[in-house]
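Each remark here refers to the structure printed beneath this line.
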Amino acid sequence: MKGLSKAKWNFNNSYKELPEKFYAVNAPTPVRAPKIVAFNEELAECLGAPKDTGAFSGNTIPKGAAMLSQAYAGHQFGHFTMLGDGRAILIGEQVTKFNSPDIQLKGAGRTPYSRGGDGRAALGPMLREYIISDAMHALGIPTTRSLAVVETGETIMREKELPGAILTRVAADHIRVGTFEFASRFGTKEDVACLADYTLKRQRIPLAADENKYLLLLRAAVNKQAFLLAKWQLVGFVHGVMNTDNMTISGETIDYGPCAFMDEYEPSVVFSSIDKYARYSYENQPKIAVWNLSRFAETLLPLLSDDENSAVAAGQKEIDKFAELYQNFWNVGMGAKLGLFNRKPEDDSLFAELLRLMRESKADYTNTFRALTLSEKEVAGTKLFSRPEFHKWNEKWRTRHSNQTKTKSEIETLMKKHNPAAIPRNERVEEVLREAQKGDYEPMNKLLAVLKEPYGYTRAQEEYSKPPQSSCRYQTFCGT
Ligand code: AMP
Ligand code: MG
């Protein structure tokens, strides 16, 4: 790409303006034989970032780099713990014309927050994050991005020896609910205020003279999470580990550990092997977002008012807005998936009825909407579409279409924009990761190309849209 020839690092290090307790400066641990195996040229071009094996592996420290790990805490499966970047090191904030996102190495060696960990990451999970985060971005879902993956030329010890890798992650910033929990539990009121002021500035949240700025910060976070959660639900994405340290204030999806897209529509679905009580199931995600946002709101209480009762009331009022915001985002999104340009009260039952039938028929989530988009001819033969109840629903749906003044082609265009023809299906992702770990990156690159245009409805995507062969439920592991 032509832009890359002029690319260079151009770091700002605003995070260092925070009190020192918020981070620890430490260099990455060099690796033996780094090799770039994935590089996002398009993203690099947006960032003006060079293809820099030295920087991506931690073997060289670019000029002006911060090299710091962030302190944070968090509720993991409901329990409070001190955490921090145990294997992540922020190189710096790359200044571009439009923004200054964080460039961070994941798996670059031990940090003061590593606890018992080795600070390293395995190749499979880093490539998985690269693939899924890229797919999420293409789907139009706010997310951290992946700029590069390098193989380190070293192995790491997990249940068995695995090839090591480092992911270069790009994020608006890495401020988590857990960062605020850290400030609140281990710092002073001034520390929380400092972090909140920094976040307001970094995220360019507009202030209003007549409103408490920290309330505006909470409001913005609630709004962004409601939007994000609606987006996840609409594509059938299950994050898998929505601990408060894995929820950003910026509203970007972060931490692609045990996440997965669901195949058959089942709201109670859980993929993560460690989520024994289904805390982070698909259907629980919006509720968990509210739980996490409540932990965020708690940290801000001393800043909302000197009177505790008024602070709690003000915070609660913001949290309570989530439900309606989320529902509105979801309604509009589901309407668009079904080709509806406006909203009518009867749409609620239209949506609910379809989802009930899909669940009962164990219909594939993505393919059902894809099939509806492509007209009935494409859908013949599946269990859902042969049910008399579905035909009744279909009639209602068609009537609803005829009640709006849009042509068939306008409806199809809207549906195609909201129903992906291709998602990173678990089986296919596993397949390309297996090949990549044997040294063949071609299948992965083919999959990445298909996922770049999820709404493209291209020929190449057809092969990737098949539901899984195996009826066993896919399982994901945190062992990263
Ligand atoms: P995660 O489940 O990825 O959100 O990680 C939870 C915490 O464990 C974070 O503080 C990570 O930085 C830390 N962590 C995960 N893996 C490692 C590792 N291999 N070495 C050190 N810290 C780790
Ligand atoms: Mg995490």
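Atoms within each ligand, like the ligands themselves, are counted from 1 in listed order.
Close contacts of ligand 1 with R115, meaning ligand atoms under 4.0 Å from a residue heavy atom, involve 7 (C), 8 (O), 10 (O), 13 (C). For ligand 1, the atoms sitting less than 4.0 Å from at least one non-hydrogen atom of N246 are 4 (O), numbered in the order shown with element in parentheses. Residue-ligand proximity, D255 to ligand 1, at heavy-atom distances under 4.0 Å covers atoms 1 (P), 3 (O), 4 (O). Listed by number with element, the atoms of ligand 1 under 4.0 angstrom from any heavy atom of D245 are 4 (O). Near G119, with a cut-off below 4.0 Å to any heavy atom, the atoms of ligand 1 are 18 (C), 19 (N), 20 (N), 21 (C). Annotation for ligand 1: atoms under 4.0 Å from non-hydrogen atoms of R158 are 19 (N). Ligand 1 places these atoms under 4.0 Å from at least one heavy atom of R120: 19 (N). Within ligand 1, the atoms closer than 4.0 Å to a non-hydrogen atom of Q76 are 6 (C), numbered from 1 in the order shown.
Here N243 fails the criterion, with no N, O or S atom under 2.8 Å of the Mg ion (ligand 2). D255 lies close to the Mg ion (ligand 2), since one of its N, O or S atoms is found at a distance under 2.8 Å.
When the heavy-atom distances from atom 12 (O) of ligand 1 to G86, P258, S69, P125 are ranked, the shortest goes to G86. Compare G84, G116, G107 by their heavy atoms: the one nearest to atom 9 (C) of ligand 1 is in G84.
With a 4.0 Å heavy-atom cut-off, ligand 1 is reached by no atom of N243. With a 4.0 Å heavy-atom cut-off, ligand 1 is reached by no atom of M82.
Using modelled atom types and a 3.5 Å distance limit, the side chains of E266 and S268 yield a donor-acceptor pair. Under 3.5 Å, the side chains of S69 and Y23 contain no donor-acceptor pair of N or O atoms. Counting only N and O atoms by type, the side chains of S146 and E129 include no donor and acceptor under 3.5 Å apart. For the 3.5 Å distance criterion, the side chains of N331 and Q327 qualify, holding a donor opposite an acceptor. In the model, T155 has a side-chain atom that pairs as donor or acceptor with a side-chain atom of E161 under 3.5 Å.
Heavy-atom separations between R110 and ligand 1 are all 4.0 Å or longer. By the 4.0 Å heavy-atom criterion, K106 is excluded from the residues contacting ligand 1. Judged by the shortest distance from any of its heavy atoms, S114 lies inside the 4.0 Å radius around the atoms of ligand 1. By the 4.0 Å heavy-atom criterion, G257 is excluded from the residues contacting ligand 1.
For ligand 1, the polar-atom distance check against Y113 finds no nitrogen or oxygen pair separated by under 3.5 Å. Considering backbone and side-chain N/O atoms, L83 never comes within less than 3.5 Å of an N/O atom of ligand 1. Here's the thing with R87: one of its N/O atoms is less than 3.5 angstrom from an N/O atom of ligand 1. Distances between N or O atoms of D85 and those of ligand 1 include no value under 3.5 Å. On a distance-only criterion, G117 and ligand 1 share no N/O pair closer than 3.5 Å.
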Would you tabulate the side-chain donor-acceptor contacts of residues 225-239 under 3.5 Å, counting partners in other chains and residues two or more places apart, or write 'none'?
residue, atom, partner, partner atom, Å
Q225, NE2, T248, O, 2.9
W232, NE1, T253, OG1, 3.1
Q233, OE1, Q285, NE2, 2.7
Q233, NE2, Y282, O, 3.0
H239, ND1, V241, N, 3.2
H239, NE2, I254, O, 2.8
H239, NE2, D255, O, 3.3

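Of the residues listed (D102, D85, T144), the one engaging H174 in a side-chain hydrogen bond (donor to acceptor under 3.5 Å, both in side chains) is D102, and it is the only one.
Side-chain atoms of T143 never come within 3.5 Å of backbone atoms of M136 as a donor-acceptor pair (strictly under, hydrogens ignored). Judged by distance alone, the side chain of Q316 and the main-chain N or O of S294 form no donor-acceptor pair under 3.5 Å. Using modelled atom types, one side-chain atom of R202 and one backbone atom of A172 make a donor-acceptor pair closer than 3.5 Å. Side-chain atoms of T368 come within 3.5 Å of backbone N or O of D364 as a donor-acceptor pair. Looking at Y455, its side chain does come within 3.5 Å of a backbone N or O of L139 through a donor-acceptor pair.
How far CG of L127 is from CD1 of I132: 11.0 Å, rounded to the nearest 0.5 Å. The line from CZ of R110 to CZ of R87 is 13.0 Å long, rounded to the nearest 0.5 Å.
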